[in-house]
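So the structure is just underneath, and the comments pick up after that.
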Amino acid sequence: MAESLRVGIAGLGTVGASVVRVLTEKAAELTRQCGRTITVTAVSARSRGKDRGVDLSNVSWFDNPIDLARSNEIDVFIELIGGDEGPARESVKAALEAGRHVVTANKALLAKHGVALAEIAEKKGVLLNYEAAVAGGIPVIKTMREAMAGNSVNRVFGILNGTCNYILTRMEAEGLSFEACLKDAQRLGYAEADPTFDIEGNDTAHKLAILTSLAFGHKIAADDIYLEGISNITQADIRAAAELGYRIKLLGVAQRTESGIEQRVHPTMVPTASVIAQVHGVTNAVAIETDILGELLLSGPGAGGNATASAVVGDIADIAKSQPGFQHGPVFGRPARELKPYKKAQMRSHAGGYFIRLTVHDRVGVFASVAKRMADNDISLESIVQHAVGPEVVDKKTVILVTHETTEAAVRKAVEAITKDGHLTDKAQVIRIERAG
Ligand code: HSE
């Protein structure tokens, strides 16, 4: 049997401890699958004394993860520290430069420095595996990098943040407030250390940026993503969506257009009957549309210790199975040096349907004026509904418009004009509608 694969883990939080546990409990099965044993030989974490529920008595401890990354005691460096700079970046770079394979769950790091790190990995002939960085336990990186060879992707979109999907699901199902649902998501360990990263869409954007590169062969461009989070989604939006046959999801969408690649993260109305609308709670889903395959939808657990550990262990097993000297496939599907410069499509050119919820003064002519502003901007309406704001509110009305396909620029101009007309009592709510099967 080949020599044991020696693993060093930096970061022993929920995910790190789960990885150690899975490697220990499934050791026999993994050995059968990989043809060699996998041994955790060294770790690096802030506190040595903490009880993590796993046996670490036989491993070496490193106070500095960079020393662990360069250590001769390991073949693979597992980065579970988090953060896009500092020890995470430095230790991954040090490990690759020292010729160690790397497995990371760090989407922020890859979204910012993925291409540069991939260049080092490819030069050194080592693997940089990152399945856990996108959509938790769903094997979407493997699918896009390995199983879709020859396919040209037109659009990739998905529910990439378990915390947001959990919040939106409970708000809809139980009529609970946003804050109460967020607290539960934090308690259950789904949310990032700073939950604003979840609810304002940054976490989704990091994951989308990685998928976009894999899908279209472009350099990662996380800073060019149009971003809106879910913190301003109200019960009024959720109820109106349901009445109109839609459900609200935070989607990350990357799409090829005539003017470039569109990358956007925002609350989205998807038809209630669509498959992606059935994805509830902390579950993630990724839809990939290609020329050869058509549409593929993968769904599964997107957050939490076990889901993430499953992806990390899968990445380690791939390294254990790989042959020494074997020239591994490129990190982002194409050689990092050959990734094209990202060509951004402007958000104002985005074409699609829109849901617009207006709270207006209840007086003569408002409805007609709103309709006129839509027509002025060439926006064709699929439906227009007016109803009471609530049982005791008499001087305001809710107007809900659903448009046929139009452009972001037209909608922004129309809403600006309606706002200037002075009919609104609150800020207009605009939610994009996404085509989904
Ligand atoms: N906070 C993330 C989520 C964890 O809620 O999906 C996985 O990246």
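Note that ligands are numbered from 1 as they come in the structure, with each ligand's atoms numbered from 1 the same way.
- Only one option out of E289, E405, E295 pairs with R435 in a salt bridge (charged side-chain N to carboxylate O under 4.0 Å, His left out); it is E289.
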Please determine whether side chain to side chain contact (heavy atoms under 4.5 Å, CB included) holds for the pair D198 and Y190, giving the CA-CA distance in whole Å, both sets of side-chain angles, and the decisive distance to 0.1 Å. CA-CA 9 Å; D198 295 294; Y190 304 146; over 6 Å; no

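- Put simply, the side chain of E122 does not reach to within 4.5 Å of the side chain of R337, judged on heavy atoms.
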The test is side-chain hydrogen bond (donor to acceptor under 3.5 Å, both in side chains); show your working for R6 and N72 and say whether it passes. CA-CA 10 Å; R6 300 165 309 155; N72 288 329; over 6 Å; no

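- Atoms CG and CG, from L160 and D203 in turn, are 8.5 Å apart once rounded to the nearest 0.5 Å.
- Around atom CG of D223, no more than 12 heavy atoms belonging to other residues, nucleotides or ligands sit under 6.0 Å away.
- At a 4.0 Å heavy-atom cut-off, the residues surrounding ligand 1 are K107, N161, G162, T163, Y190, A191, E192, D198, D203, K207, G302, A303, listed by chain and number.
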